[in-house]
Each structure stands twice: as C-alpha cells, then as structure tokens.
Amino acid sequence: MSCALSSDVIECSVSRRPSRLSRYNTVRPENYKEREWQENTKLCLEFFEFKGIQILRRYCTIYEFKFKCFIPGECRRCILINCLKYIIFCNISTMKVLKKRSISDLKSDNASSKDEVDLFHTKPIDSEDDDEDGNTSESDILLSDDEVGEVESEYETSEDEEGSVREEIDKLITLEGGDISKKQQLTIKQPELSKIYTDDADTSDEEDLRNTVGNIPMEWYDDFPHIGYDLDGKTIMKPIRNQDELDKFLNKMENPDFWKTIYDKSTAQDHVLTPEELELVNRLKSGKFYDGKMDPYEPYIDFFTNEKMIHPVNNIPEHKRSFIPSVLEKRKVGKLVHAIKMGILKPRKPKVPDEEVKFYDLWSDNKDDPKTHSELARQKMHIPAPKLTLPGHEHSYNPPPEYLPTKDEIEEWKQEEPEDRKLNFVPKKFNCLRKVPQYSNYVQERFSRCLDLYLCPRQRKMKVNIDPEDLIPKLPKPSDLRPFPTFQAICYRGHQAIVRSISVDHTGQWLASGDDNGIVRIWEVATARCVKEITGFIAESPIKCLSWCPNPSVSLLAVAVSKTVVMVNPSVGDRLIYQATDNFIQSLELPEMNTDKEGEEDMKQTKRSPVSPWTKVQSGVQYQDGHRLLIEHTKEVSKVAWHGKGDYFASTLPGNGNAQVLLHQLTKLRSQNPFSKCKGAVQCVLFHPSRPFLFVATQRYVRVYNLVKQELIKKLMTNAKWISSLAIHPEGDNLIVGSYDCRLSWFDMDLSTKPFHTLTYHKKAVRACCFHRKYPLFASGGDDGNVIVSHGMVYSDLMQNPLIVPVKVLKGHRVERNLGVLDCCFHPNQPWIFSSAADNTIRLFT
Amino acid sequence: MSHLQVKFHTKQQRYKVGESPFSVLGSVSSSDLNEVIHKLLEEEERLDEDSDKSQVEFDFLVAGELLRSTLLEHIHDKGLSVESVLLVEYFEKENAPELELCLDHKDWMSGVQLDEDFILAGSYDCSVTVWDRKGDELVSSSVGHSEPVKDVAWIKHSKGDEKYFLSGSQDQNIILWKYEPSLLKVKCLFRCKGHSKSVECLSVNRSGTKFVSGSWDCSIKLWTTSPDLEPGTKEVEEVEKLSSRKRQKVEKKGYHRTPKMTLCGHTEAVSGVSWLSEHEICSGSWDHTIRTWDLRTGEELSCLRGSKAITSLDYSNLSRMVATGNVDRHIRLWDPRSEEGAVVKSSLTSHQGWVTSVRWSPLSPHLLVSGSLDNVVKTWDTRSPKTPLYDLTSHTDKVMCVDWSQSETIASGGADNKIFLFSSNSGNIEQKLE
C-alpha cells in the first residue's frame, strides 16, 4: 500500500487486501492553514483507516486500486476514491457514497461536466495544467483484463508498423505473454489514446470511441468496412488508409516520429507513442514494474503478528464430545463387527506373491555330477573364519588420556620385539578425524589376516552341553544322616580364662578342661557339675593341652603346661581304677640315665638329644591335687598326643631345633627323640590308631613315619599355609587337617598325598578338628566361633570314596579377642560334641 | 466358619449335662466350651447351690487329645470328619500347682523323694538330708558318702517309727540308712558295694523288700532292703569272723552288702530303673535302649531301641506306660510290653533342654511331671502332647530331680541348691472321678 501526497492530495494506494492504512505522508500546501490541514488530514486518515475500507470492499473487486483525497474548500468532507472503473465520492463523516461515476462516463462528460471536475480541481496552482492534471488523475487507472486485451490486440494488429520500438514491444509481448500480472501492468493510459485520436482524426468525439468487439482476432474484420462497434452499438468505421509503399517510405524517411509510431489494430490507426509510453516500454523491457513509483520492497506489516502471545486465541474448554467415545463410530464398528460375524465382510485375500523369478545358477556345479567327499564334508562342516578382535579405546583417533602411552612406554614399545608387542601401533591423539593420517600398516595387516585365514587350519571343537548341576555329586540330605549334634544342651561355666584344651575320658562321664590361668577342671558331663579343680601347675602359665590316657585301666590325664608335661590322676570315676593307677605309678622305677648303659646307648641312638627327665611327685600339695609324674622339657610343650594303647605319648615342642617331637613311654618312664632332624616347625603330632605310624604336621606338610622301620612313608601336601590341627579316622585310613587359612582337608591315605576333599566353610582360622570314635562324624572348630559338624562316612569297600557331607553349623560361642572355638572333641559314645572357646565356656551340643 | 455338632459327656456325675448334641462354631476354644458347660449347668440348676462349682474350669478331651487350639484345627489335626457328631468329654481341670515350700541347701540337689511326713534329699555335697513336711531340717548326714549323692529313695517298712532310706552316690556305694525320727538320727546300716562306677538311679519295689540300682558301669544290680543281717550269707560270715572291736567299728560304718543279682546288657550308663511288677523291672540307658528284665531268671525280656540317650525313666502302674526323659528335649512314652508297631507311643515336646527327670503321678494315668536343664518343671497331661499343663518356673538353675511319689505334692530339686514343693490337687480329682 502506498500513499503519496501531491500538493493538496493525500494519495494512498492499498495493495491487494486493504485492511488499514499503514503509512501516510502529508505535506501541507502553502495556501493551507496549518490547523485546517491537520484537521482534514486527520479526518481523511481516520476515514481510510476505519471506514473507507468498507466502501473499498464494496466497490473494489479488483486487486489494486488507488484513491485520491481531495480536500477542497467547500466540500471538505468529501472524498474521491478512484478505483479502476469508478470514481466514488464519499462523505467522510457520514460514510455515504455521494456519487459514483464510471470512468468512461466521466471521460465522455469530461468537457461538459467541467464544473464537477472543477470541484475536485480547484487547485490554485498550475491552472494551465488543469486539464492535463485532471486527465492524469482521472485516467490513472489500471486497465481491466478486457482493456489489456484490447491493448494487446492493438499491438498485435500493428504489423505493418516498423521500428525498433515496435519490435521491442512485440518481443516483450511474446516474452511476457503468459504472465497475467505483467499483462495487467501493461497499461496504456487512456487519456493519451484519446489525445492521439484527437491529434490524428481531430475528432474529440472519437475520444471515447471504444471498440467493444472484445478480445478477438481483428482479422475477422478484414473484409468489413468497420472494425467493431462502439458502446452504443454503432459501427466504428475503418479509417481511410491508402498508403502505398512509397508513402510508407516517405513517411519513414520524413517522419521523425516514425520509429515510435505503431499500428493499433483495434482502431486500425497509427499511433505515436508518447514519452511516458516510451518510458513504460523501456521499463517493461528492463523487467521493472510498469509503475515507476511502485516500491516492491516497502516494509510489510503482518496481518497476524508473529509474536507468541501468552493467552490462547480462545479459551473455551473442550467440548464433552471430545472425551466420550463417538456413538457414530461405535455404531459403525458394530455394523462392521456384525458384518464380519455374518460373513458378509471377509478379509482381503492374501496377495498371491508373484512367481519368483528364476535365475540360472551359472556357478553351480552340474547337478548330475556327484560331489566329492571332501567337498561334501566342507559344505557340511562349514567353519566360519575367526573374528578379529574388536577395536578398543586405544584404537580411537581421540583416545582417552589413560590410553595414550607415556614417553617411557613409547620407548619401551620401541625396544620390544615386534612379535612381543601388545599393540602393533602407538595410540595417538588427533583433534579431528580429518587430521588422521593414512594407516601405514593397513596393507600389511590385511595381508597377514588373509594369510591367517588361508593358511591356518580350522578345526571344529566339539562342545559338550553339561548341566553344571549334574556335576555336583548328589549328597544325601542331612536329615537322613542322623544322629549328629544339633543344639546346645549344656554350657559348662566356671573357667575364668580362655579354655584352650578339653578332653573327654573314654567312658564319656568326665570332661577335663584347662584354661589360661593354669587351672584344670574336671566336669561331670551329664550335669555340668565341676567335680574337681586341679591346680598346682606352674603359676600363671596356660594349660596348652591336656589329654586323657586312652587306656581304660589307667586314670591319667596328661597336661602340657609351659615346659612340662604333668601326669595327673584326677581321681574320678572308678575308684578301683584310680587307686590302681596310683599304685601303678608308685611301682614304676625311674631309669637311671647316666649309669645305665642301655640308656647311654639310647642316647647314642637318639644322637644325644636332650631327653626330658621324668620325676615322680611323691607328696605335698601337688600330690594331693593329683599330680603324679612330671616330665621336664627343654622348650615349651604345645601338644600332647597319646597312642591308642595308652602307653606311649608324644609331646610337641614347636620352634627351631631338632628336638621338636618327643616320644614318651609311660611304663618305662622313658623319653626319646625319634627324629635326628626336623624339617620345619612341627605343629602337632598324631599316632595312627592301629599301626606304628606317627603323623607329624609341620606348617605345610604332614609327614607320616613308620616308627618300627624308622622311615618316612608319606608326605601329604595339604595346600595349607599353616596347619593347626590333625585328626585321624578311627580306622586309620583317613586324616583331616585343619589349617589357619580356614580350610579343613580330608586325606584318603590310600588314595593320594593330596587332599581328597577340602571343606572351606569356616570364615576364619580352623583351630581344632576331631573325628568321632563310633559315629561317622567329624567336626572342626574355628575362630569364627562356629563348630561345623560333617558326616564323614568311610566305607569298607575300597572302591567307594568316603561320603563327606557337612550337616550342621553349631553356633553359640562368642568370639572374643578374635578367638573363637579353640578346641573341640566328640563324646566317645554319644553323637555329641564338646567345644571350648575364648569366651571361657565349654559347650556341649547334642 | 463351619458349625460342628458336639455332644458333651463326662465321667464326673455331678457335672453331668443333657446328652443332646449342640451345634457350635468351629472356632471355639476350650474357654468358649467352658462357658457353654457353665450355661448348661446353670440351666439344670446344679451350680446354684454351690458357689464353688461356678469357679470350676473344665478341660475338654476330643478324640483322645486335650483341646488346646480351636476345635476345627484340632479336628483337622486329628483327621476327623466335620460332618459327624463329635463326642467331647469334659472333666474338671487340673488346678495349678501352688508353691508350698522352698528348702535351701548348701549344694546342688541331685535326688529328692517324699514320704508322708518327711522329705529326703541327696546333694552334691555328699550329704543326705531329711526335712519334715513343714520345712524344718531334721537331720543331715555327710559321713556316709565320700562323693556326691546321685539318688535317694525311701523304703516303705511298716516297722514302727523307724524309717529306712537309700542313697546312691558317685563313690559307687549305696547306703541303706535308718532314720529314727524320735532321736533325729540317721544311721548307716549297710553299705551296698558292687558297682564299679557312679550309682545313678535307685528304685525300690512296691512292697519295699528289694531295690534295684543303675550305674555308670552299665550294670543294674538287685539288692535286698532288709535292715538286718541276712543269715547264711557271706556278710554274716565275714562279720562273724571279725573280733568284737572290729565288729563295732564295722557296725558304725555299716555292714557291707553284696548284690543279689547283676543284670548286664546295657552298653552305656544306666540312667533310670523302674519296677514293672514284682519280678520285672525296666531300665533306660544312655545307649538309647529301654530294656525289661525278669528278676527271677535275670534275663533280658525285651529291648526297645530309641534314637536318643535316656536320662530318666519312670513306669506308671495306672497307665502301664514308661515315660522317659531324653536328651533331645522330648519326653517319650513307651509301652514296655509291646514290641510291635511304633515303639514310641507318644512324645511330649515343650522343654528347651535335656529332660533330666520324669515322674508319673501316683494317682492319675495321664499326669506326669518333668524337670529339665532349662530350669523349668512342667506338669503334663499325656493327652496334650504339645502343650504342658503347667510350667513351674521357680528354679533359677538346672532342675536335677523331680518327685511325685506323694499324690498331693510335687517336689523338685535343682542346681540352684533348692528344693521346691508344689501342692497338686490332681489326686483329688481322680478320686472324685471314682
């Protein structure tokens, strides 16, 4: 939309959709008073903005229009709207159309209705140009399509006209012929035409002589004397044109306007283009707008704003029907369902796939030829090529910094043999992928890969699918392996210090226990009654180990305290036996070491090892306490182990040196050192229950010696770091070894020197282990305070492996100072187990 | 909840109600049934005259077992039909035993037995003590035994004032004592020597002429109880050999007596013996067996094998059952005469420790008392194997022995150096029954 103001006119043009007047410009003419001017301008603008549009809409169906606003003295409140065919006069204030006039009427009445035109042309300035101005203003109209057609036809019919301009115009027309908008712009100002007519024919009547035949080929009128009809239906006669070639030539030579003279078909007359028309033609030629004032780039204001508003355009809540399912749809679906049910509606038949195009397999062998055996095998046993390892982070062009080698690493890499290198390249970092250079080893790598694939034989590995569950041996349920101890029955309280060692006598009536305060207590098993408290040992030294003599006819308890082993007669149980024991010890004679030759020989045999001297306790408090014999050692005694017959016993003196194990014979009151040399620190020793074997456990191995033949029989590899305890099956073929690294290993002596089974159920060090004498049970106690009882059935059938099933974890002991169960032993006849612990108690589980 | 048809009946005539069946909810417990019976009795106007009767509580016996849960659960457990009419027997409920006496001693009590007038107890301090029923210590003798006494037993002699009793000890002797209430003196009459290990249990026959003892040496020995020297025996000969001085000395210490018979067969300590009849005894041992012996021939009649060591055994003439206390916390009931079928007729479970001692009620075939290492004495009705009748929790340490030889009193001794006497009315109820 444009608006221009001539001296007293606000000229606006609204393009396409007149909505509002967006821009205007006013210049006050000199003869106007300022206030008056402003007032009128304002009125005009208001009108255009708010009301004029309605009028424009009513009359303007054409896209573009122009209007002019006259602000004359008398008729201030009138406006003239000049739009294409009509000129409309409106009263601004009342919005009424005062007058509507067709332009053609206006033209025909141009002369006669001078006053009316004057009404608008009361310009004080340029009164001479009044006509021209008025013409211009009135005829500054866009031509309708019809008119354009006329113009076109005019141009087309002027074939005989010569000159560059005409050619150009022709060219233009043919070029732009399809474009309607251009055609629309191809305007010829009506007043000029009329001027031409007036100039040529000198008849002002012909000014509005318009051919009404329309857009038809004018050849149709070639044979007629007229070329069409005017508005009143009268024929328009062809002008007399009888120019011959000579005339034309002369005209060409003489007429200076010849080059701009064109032949108008519709009027069948020559027409000399005016300078404006020439300018227009030039503009069109150069592809510009027909209107020189037209600014295609003027700012455009959106009808709708592009800003996002916070409020919605309308805020009506959604209608209910948008939530509820549609009834119509339901009906429709129902109908369809019904149709499907009734079989009316049937599913589409599946598309029959087009018959496969058959190709002739050029490479296949002749089907008739039998395949060779190897070929068949290869086809059947196809082995895919081994896959390459997938690239890792170090293969990245931009690896994380931890994957980048340091300088030292690069040096090291370079030093290494190419075969030994982990990576065959050095990872590097690049900023971007395009900076990565070509990989130099590419060809070589491909080649080696091909070699690999080609040269390496491939072999199919047979996989066997085995359910791992099947590999686990079927163990019987613990409930089928009864009896075994299940709950704590009795707690023996009374000790004031850690109970390191316990022992049950062979009848199962008495339990002996020794604590760190050097006190030995004898308990009645069934009632937890402390029957005796035996003191008198070396003060403050803990009882390391105690053990009842297994000989049923002797009531003796071997107690290891500090550097001595004390034989105590606790005087409980069968009176005859303990009295007989006293008598028996009285009757024993101490061997005289120094004088006796045999003793000396013994000494020689045992390579002068220091042998602990025996002393009898004859009287005093210690005798009253039950002490009967003392065996002094050179070192601290840690363990005492009886032979099954109850005559021999062994004491362990851990530490370096040769005399780590001493064997004592009760009946002869003799001691000897069986080993001239001990390998490793001896942890404990054990007699075989029936054969003359001695088991010596060092930190890692258990050595089995034959005492009669005086030779090493076996060396058991325990796999343990530090053996803590040993126990042997009453039949003597199986051994369990507890170790401080939480394991309990079962050895089958006939089978191997390696553990047959290892139980790792303890969470902490295993301190003690034991076998039951009668029931197939064994147990281990550890620093986690638990005693784990296991079923260990040994079959007489040599082919059958022992059955080892852990059956019960007995809890109850408190862990104190990281010490738990220190000793455990089974009741000799009942499936009960005693355990002593660092919480100063002994517990019986039954 | 389903309804059940219930028909009440009782053997106690004074609480009899009509025999018409009633429909009760399946969820009723014995307390609800109690109310029902009370209502019925009120309707029949039996409770009006006697206000005591309204205090009476009843126990209900359904399908041979006392009702302790709801009726429906009980029936499900027993596998009975819900459709049929259920016969519910009810009887007066056992009253809770009331603490009667508490006797203190210096050391653990290992054995206790009641007489009509006296309380006899053996202790771990080697002494045997007699109290009267009021709780006054009459006499205590620590001279006889050199080691803890393990069991004691009265001998019922009807010879005037003098009382005789036995005590067995860890020193392998059994001493036959004479107690003279008038002089408040005990005298060691005989020293029964023969066991080679601790004597664990004693049992005197009904007539009081013989007794048997079980010991840790796996043997059972039969002895006579006669307070006099038996003529024609070795003892007499030996005594006759002695000079008069020595004879006095021996008399002071007690004459020696030798066993009449030794029964060997057990492989481990004999922990309980009991008389079945005049010529039959049964014994329980740590070797898990119960053996019955014929004393005339000295032969083993039968052997019932269990799976757990037996700590105590008692036979009831009324129920003809043997009750044993076991180390697996159960009390088991055995029929010593039958060998077919399940040897264990019933097991009573509620104790939390070894059952150290069991004794039948002298009057009721269903009642028994047990003591356990879990410090609790429990009274049981054999018809309710899961729930004891009453828990007597007076002891603060291990219960070592219980006794119910006098029908109205239960006695128990324990490692807390105490003997508790509880009065029990069960005898009265049983009498009322008859």
Side-chain angles (χ1 to χ4, degrees), chain A residues 479-494 504-511 522-533 552-553 555 570-581 772-775 808 812 826-834 843-846, chain B residues 107-111 123-126 146-148 150 169-173 193-201 215-218 266-269 271 285-288 306-312 325-329 351-357 372-374 397-401 413-415:
Chain A
S479 55
D480 301 336
L481 302 173
R482 285 177 196 282
F484 55 82
T486 51
F487 68 96
Q488 181 193 321
I490 299 176
C491 183
Y492 303 81
R493 292 175 201 276
V504 194
D505 81 321
H506 67 275
T507 60
Q509 194 180 4
W510 310 107
L511 172 72
I522 310 290
W523 308 83
E524 192 182 19
V525 165
T527 55
R529 168 90 183 178
C530 178
V531 183
K532 278 223 160 72
E533 194 178 293
S553 60
S555 160
S571 306
V572 289
D574 195 339
R575 177 170 290 179
L576 288 173
I577 289 174
Y578 65 73
Q579 281 171 355
T581 307
H772 199 284
R773 220 171 62 178
K774 290 180 178 166
Y775 290 94
K808 185 77 187 172
F826 277 105
H827 190 276
N829 302 318
Q830 305 287 346
W832 304 344
I833 188 165
F834 300 91
R843 285 164 206 259
L844 168 63
F845 299 93
T846 63
Chain B
D107 211 337
W108 293 16
M109 305 313 297
S110 55
S123 165
Y124 267 80
D125 63 352
C126 317
S146 58
E147 303 239 348
K150 292 291 284 200
S169 157
Q170 278 186 355
D171 63 1
Q172 305 159 14
N173 295 339
K193 291 196 169 191
H195 280 298
S196 62
K197 276 180 190 164
S198 157
V199 177
E200 290 291 303
C201 51
S215 158
W216 252 97
D217 60 3
C218 316
H266 280 297
T267 56
E268 285 200 44
S271 50
S285 157
W286 278 34
D287 63 1
H288 310 176
S307 60
K308 292 285 183 269
I310 288 158
T311 53
S312 172
N326 291 71
V327 296
D328 62 344
R329 306 179 278 199
H351 274 299
Q352 295 299 311
W354 284 14
V355 180
T356 49
S357 184
S372 158
L373 289 186
D374 61 2
D397 205 344
K398 298 181 274 281
V399 179
M400 310 294 286
C401 53

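Residue numbers begin at 1 in each chain, while the letters A, B, ... track the order of the sequences.
Taking all atoms of both residues into account, the shortest heavy-atom contact from A/Gly508 to B/Trp286 is O-CZ3, 4.5 Å.
Looking only at heavy-atom pairs under 4.5 Å with chain A, the residue among B/Lys197, B/Glu268, B/Glu147 that has the most is B/Glu268. Contact count versus chain A (heavy atoms, under 4.5 Å) is highest, among B/Leu373, B/Thr311, B/Asp217, B/Asp107, for B/Asp107. Counting heavy-atom pairs closer than 4.5 Å to chain B, the top residue among A/Pro831, A/Pro483, A/Ala489 is A/Ala489.
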The test is side-chain contact (heavy atoms from CB on, under 4.5 Å); show your working for B/Ser307 and A/Arg482 and say whether it passes. CA-CA 9 Å; B/Ser307 60; A/Arg482 285 177 196 282; over 6 Å; no
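To the nearest 0.5 Å, atom CZ of residue A/Arg575 and atom CD of residue B/Gln170 are 11.5 Å apart. Rounding to the nearest 0.5 angstrom, the gap separating the OG1 atom in A/Thr527 from the CE atom in B/Met400 is 4.5 Å. Expressed to the nearest 0.5 Å, how far CD of A/Glu524 lies from OH of B/Tyr124 amounts to 4.0 Å. The distance from atom OG1 of A/Thr486 to atom CG of B/Asp328, rounded to the nearest 0.5 Å, is 8.0 Å.
Within the 4.5 angstrom heavy-atom criterion, only side-chain atoms of B/Trp216, from C-beta onward, approach chain A. At a 4.5 Å heavy-atom cutoff, the contact between B/His288 and chain A is made by side-chain atoms alone. Contacts between A/Ile577 and chain B at a heavy-atom distance below 4.5 Å are absent for every atom of the residue. For chain A, no part of B/Asp397 is nearby; none of its heavy atoms comes within less than 4.5 Å. B/Trp354 touches chain A through its side chain: at least one heavy atom from C-beta onward sits under 4.5 Å away, while N, CA, C and O do not. In this structure, chain A has a heavy atom under 4.5 Å from the side chain of B/Ser146, while its backbone stays farther away.
Side chain of B/Gln172 to main chain of A/Gly573: a donor-acceptor pair is present (N/O by atom type, distance under 3.5 Å, no hydrogens or angles).
Counted by atom type alone, B/Ser110 and A/Arg529 present zero donor-acceptor pairs between their side chains at under 3.5 Å.
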